[in-house]
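Worth knowing before you read on, the calculation uses all heavy atoms, side chains too, and leaves out hydrogens, waters and symmetry mates. Position 1 is the first residue of the sequence; numbering continues from there.
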Amino acid sequence: MQAKRLTGPNASALKYDILTALAICGLQMGPMMASSMQRLSLVLTARYYWRTEELSLGLRDMARMWAVTERTAKREVKRWTETGILICTRPGVRGRVAAYRLNLKYLFELSEPFWADVGP
């Protein structure tokens, strides 16, 4: 699968492929990855700006959305950036939240072994 800009005629199909890739990775790679990918799916569905390919959401809002502490939200975002699923495009500074971009190429590489289980 090729990483393309997520606007235009095939944008909705690509978005469903992204959510499918997140779900299959989470379910096939163990319980920790399952909760992590479920949280990422929620954040992407609720707050990802597809036109600019940017996620800009504070840890407090993430924690409230997931019903966890801010510390857990911070660890989760750190896990995503360390694994390469998210790329930090603008670090957070005093009074502003950080901005992230979804690394589609890495996500599709990560989920590629499991696409046969999804089917055509």
Side-chain angles (χ1 to χ4, degrees):
M1 177 161 300
Q2 294 179 329
K4 296 180 182 178
R5 194 143 179 95
L6 297 173
T7 56
N10 294 326
S12 59
L14 287 172
K15 291 173 190 174
Y16 280 120
D17 286 347
I18 290 167
L19 292 175
T20 303
L22 290 172
I24 196 77
C25 282
L27 293 171
Q28 297 279 350
M29 298 176 87
M32 181 179 269
M33 192 67 150
S35 64
S36 183
M37 292 300 105
Q38 184 177 16
R39 288 174 177 160
L40 183 57
S41 295
L42 174 61
V43 167
L44 291 178
T45 304
R47 300 292 169 101
Y48 195 74
Y49 303 108
W50 296 102
R51 197 171 294 266
T52 60
E53 296 184 18
E54 184 178 82
L55 171 65
S56 185
L57 180 64
L59 295 175
R60 184 174 297 143
D61 294 332
M62 283 185 207
R64 186 175 47 240
M65 211 184 292
W66 301 336
V68 296
T69 64
E70 284 184 48
R71 186 175 174 178
T72 301
K74 187 175 184 176
R75 280 193 299 249
E76 200 66 62
V77 171
K78 185 177 180 183
R79 180 179 302 132
W80 296 336
T81 55
E82 284 180 349
T83 58
I85 293 173
L86 284 184
I87 299 169
C88 184
T89 57
R90 184 183 66 230
V93 293
R94 191 174 204 141
R96 298 187 103 190
V97 297
Y100 300 94
R101 183 173 46 85
L102 192 59
N103 187 351
L104 296 176
K105 183 178 179 184
Y106 177 74
L107 178 62
F108 289 134
E109 287 173 3
L110 185 67
S111 64
E112 187 176 8
F114 312 118
W115 277 99
D117 297 335
V118 175

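Arg96 is linked by a salt bridge (charged side-chain N to carboxylate O under 4.0 Å, His left out) to nothing, counting only residues two or more places apart in sequence or in another chain. Legend: residues meeting salt bridge (charged side-chain N to carboxylate O under 4.0 Å, His left out) with Arg101, ordered by chain and number and at least two apart, are absent. Partners of Arg90 under the side chain to side chain donor-acceptor pair (under 3.5 Å) rule, at least two apart in sequence or in another chain, do not exist in this structure. For Thr45, there are no side chain to side chain donor-acceptor pair (under 3.5 Å) partners at least two apart in sequence or on another chain. For Arg64, the salt bridge (charged side-chain N to carboxylate O under 4.0 Å, His left out) partners two or more places apart in sequence, or in a different chain, are Asp61.
Looking at heavy atoms from C-beta onward, Met65 lies in side-chain contact with Arg47 at the 4.5 angstrom threshold. Annotation: side chain of Leu44 is in contact with side chain of Leu22 (closest heavy-atom distance under 4.5 Å). Proximity of Arg75 to Arg71: side-chain heavy atoms (C-beta onward) are separated by under 4.5 Å at one or more points. Under the 4.5 Å side-chain criterion, counting only non-hydrogen atoms from C-beta, Tyr106 is not in contact with Ile87. For the pair Lys74 and Glu70, the minimum side-chain heavy-atom distance is 4.5 Å or more. Residues Leu102 and Ile85 have side chains in contact (heavy-atom distance under 4.5 Å, counting atoms from C-beta outward).
A distance of 10.0 Å separates CG in Leu57 from OH in Tyr100, rounded to the nearest 0.5 Å. With values rounded to the nearest 0.5 angstrom, Leu19 atom CG is found 13.0 Å from Ile24 atom CD1. Atoms OG1 and CG, on Thr81 and Asn103 in that order, are 11.5 Å from each other to the nearest 0.5 Å. Remark: Met29 CE to Leu110 CG distance equals 4.5 Å, nearest 0.5 Å.
Taking both residues in full, the closest heavy atoms of Trp115 and Ala21 are given as CZ2-CB, 3.8 Å, listed atom of the first, atom of the second, then distance. Heavy atoms only, all atoms of each residue included: Ser36 and Trp80 are closest at OG-NE1, 2.8 Å.
Each salt bridge (charged side-chain N to carboxylate O under 4.0 Å, His left out) pair with one or both residues in residues 26-46, not counting sequence neighbours, appears once here: Arg39-Glu76.
Hydrophobic clustering keeps Leu104 apart from Tyr49 (ILVMFWY residues linked when any side-chain heavy atoms are closer than 4.5 Å, directly or through intermediates). Residue Leu86 is not grouped with residue Val97 when hydrophobic side chains (ILVMFWY) are merged at heavy-atom distances under 4.5 angstrom, including chains of intermediate members.
At most 12 heavy atoms of other shown residues, nucleotides or ligands fall within 6.0 angstrom of atom CD in Gln38.
Remark: the backbone N or O of Ala99 is paired with a side-chain donor or acceptor of Thr89 at under 3.5 angstrom.
The side-chain contact (heavy atoms from CB on, under 4.5 Å) test with Tyr48 is passed by exactly one of Leu55, Ile18, Val43, Leu40: Leu55.
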